[in-house]
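To start, the structure itself, in structure tokens.
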Amino acid sequence: MERYNNLDKQYINGHWKDGSEDDHIQDINPFDNSVLLDIKCAGLGELDEAYEAAHQAAKTWSATLPQERRDILLKAAAILEARKDEFAEWIAKEAGGAHAKGEVEVMLAREVILEASSFPSRMHGQILASSTPGKESRVYRKPLGVIGIISPWNFPVHLSMRSIAPALGCGNTIVVKPASQTPATGGTLLAKLFEEAGLPAGVFNVVVGKSSVIGDPFVQHPIPKMISFTGSTPVGQNIGKLAGEGLKKVALELGGNNVFIVLEDADIDRAVAGGMMGKFMHQGQICMAINRFLVHEKVYDEFRDKLVARTKELKVGDPLQRETDIGPLIDEKQVKRIQKDVEESIAQGAKLEFGGQAEGAVLYPTVLSQVRNDMPIAQNEIFGPVAALIPFKDDEEMLRLANELNFGLSGALHTRNVERGVQLARQVETGMIHVNDQSVNDEPNAPFGGEKESGMGRFGGEWVIEEMTRVQWVTVQHTPREYPI
């Protein structure tokens, strides 16, 4: 099986072509700074061409028989399985993801496609009771039309696919704008996948360009009926504002400041194991990654010591090496940002238990104790391999600490008393929370999304069908009706 080529091109209406801008995007390997791709940027002309191609393809694709749409999605899932090593290698080279992370990401993307393959036969309408004699009241569900998708760099294959596959399954056509750091894994590699699966021209389009040129126009363009965005809260707020001006639907999965709560009766070894996964997978560059460890003061020392011991065992290095646990952050700018928050927090009283040093874009796994909620490392989304430990004395203080920051994406809570755990978990202001597990959970048939400044809308299962479709009320008056006028 040959490797995919032309990953440095735009993909518009079934054709691979260079962008028209003089500017270029260089796709850089964050570990060794080698250039993976050099892409001539798309401009406003390519953006308009891509949206127009999607618009023209929308009528035909929405009318395609459900089994035909299903079969294309199933074929894409099979191809992704066959090419999983190629995709995992690209994830390592482009996003700095360790081998285990790449495997998990490809598996999650495949599961999303399989779930979406059922959507063509789940576009259910309804027959409603009518209060008018002789009237039949029907509700039809239809695709939105064209959806614009802006994908992130941290889990580019999975988080792009989370919008791509459901949109296609629901009968929509799409234009994807991948992050500049991951144009292949978030865009052109996925276009190749669906091209090989037999998706008709115009249904899937990719534009790779500078946000300063095509960013706002991507959202403001009159053709798309919905914008799906995964990324930072400030950017998401601007997208929501621009989309609102055009009365477009939005699905926004934004920043997180996720809590990992350890109650006094928790199984500490189990909690530490979950904390390691939820904090250090992909160097903590996950929207659901743990930001703050809230640990009851009675078990604080034990949890801290065991977490530090496990952290010291992590292997740091080249993500292409299978034994590597911690690879690079996406760039050195992120390292400097996080180190600044660490240093300021230490100056305010936090204690460095382990780590803190960096080599290039690689930030070594770090543990801080004696952290408070008002310190930078707790206030800001870390998006890196730093564990911040905050003690609490009772349930009331824990809930105050958990809820006083204006984010609510994911979380976890550990206790041996499951029902008490569920009752407390329901009081944490977050879209998702997991008892006796860790915060990084995503299943294709479950509602995924956040509260407060962590976003709006839901991905997954029937919830994403609701997001990516519209309903139309149609009535039939079977018998003559008496009117008051």
Side-chain angles (χ1 to χ4, degrees), residues 73 76-77 80-81 84 87-88 91 95 97-98 100-119 149-167 169 179 182 185-186 190 228-232 236 251-260 273-291 381 383 407-413 425 428 430-451 454-468:
L73 286 161
L80 183 58
E81 172 68 21
K84 61 184 177 183
F87 275 75
I91 290 168
K101 183 263 190 183
E103 287 189 331
V104 168
E105 183 170 355
V106 172
M107 179 271 290
L108 287 171
R110 178 178 174 272
E111 291 295 321
V112 168
I113 300 173
L114 292 174
E115 174 74 10
S117 71
S118 69
F119 290 179
I149 298 169
I150 305 172
S151 67
W153 52 258
N154 59 326
F155 260 68
V157 171
H158 172 51
L159 296 183
S160 301
M161 193 64 74
R162 185 177 65 182
S163 294
I164 290 169
T182 52
T185 47
L190 305 179
S228 175
F229 170 77
T230 300
S232 72
L252 304 173
E253 198 257 282
L254 308 178
N257 194 319
N258 310 300
V259 291
F260 184 92
M276 292 295 294
M277 166 68 179
K279 175 68 264 184
F280 294 115
M281 183 181 184
H282 194 40
Q283 297 77 262
Q285 296 177 118
I286 305 174
C287 53
M288 297 173 284
I290 300 162
N291 217 71
E381 185 179 22
F383 231 63
F407 293 90
L409 183 59
S410 188
L413 184 149
V428 178
T430 184
M432 307 171 287
I433 189 164
H434 310 283
V435 176
N436 290 332
D437 194 7
Q438 44 78 42
S439 57
V440 183
N441 281 277
D442 191 355
E443 297 183 5
N445 63 339
F448 185 105
E451 302 293 337
S454 289
M456 60 188 301
R458 290 296 184 267
F459 298 94
E462 63 193 77
W463 295 273
V464 78
I465 294 176
E466 184 69 32
E467 298 284 354
M468 293 186 167

Would you check if [X] and [Y] make a side-chain contact, meaning some heavy-atom pair closer than 4.5 Å?
X: Phe155; Y: Lys101; result: yes
X: Arg162; Y: Thr230; result: yes
X: Val104; Y: Met281; result: yes
X: Asn441; Y: Met432; result: no
X: Glu115; Y: Pro166; result: no
X: Phe119; Y: Val464; result: yes
X: Val106; Y: Ile91; result: yes
X: Leu254; Y: Phe229; result: yes

**OP:** Ignoring hydrogens and angles, tell me if any N or O in the side chain of Asn445 forms a donor-acceptor pair with the backbone of Gly461 under 3.5 Å.
**Re:** no
Original post:
Does any N or O in the side chain of Asp442 come within less than 3.5 Å of the main-chain N or O of Gly460, such that one atom is a donor and the other an acceptor?
Top reply: no
Could you state the interatomic distance from [atom1] ([X]) to [atom2] ([Y]), rounded to the nearest 0.5 Å?
X: Ile149; Y: Leu159; atom1: CD1; atom2: CG; value: 12.0 Å
X: Phe87; Y: Met107; atom1: CZ; atom2: CE; value: 15.5 Å
X: Leu73; Y: Ile164; atom1: CG; atom2: CD1; value: 11.0 Å
X: Phe383; Y: Ser232; atom1: CZ; atom2: OG; value: 9.5 Å
X: Glu467; Y: Arg458; atom1: CD; atom2: CZ; value: 8.5 Å
X: Leu413; Y: Asp437; atom1: CG; atom2: CG; value: 11.5 Å

Quick one: closest heavy-atom pair of [X] and [Y], and the distance?
X: Ser151; Y: Gly186; answer: OG-O, 3.3 Å
X: Val440; Y: Gln438; answer: N-OE1, 2.7 Å
X: Ser163; Y: Ser228; answer: OG-OG, 2.7 Å

Original post:
Between Glu451, Glu381, Glu253, which is the residue that forms a side-chain contact (heavy atoms from CB on, under 4.5 Å) with Leu409?
Top reply: Glu253
**OP:** Go through the steps for Ser439 and Ser410 under the test side chain to side chain donor-acceptor pair (under 3.5 Å), then give the verdict.
**Re:** CA-CA 6 Å; Ser439 57; Ser410 188; 5.0 Å; no
Original post:
Is the CE atom of Met277 crowded by more than 12 outside heavy atoms at less than 6.0 Å?
Top reply: yes
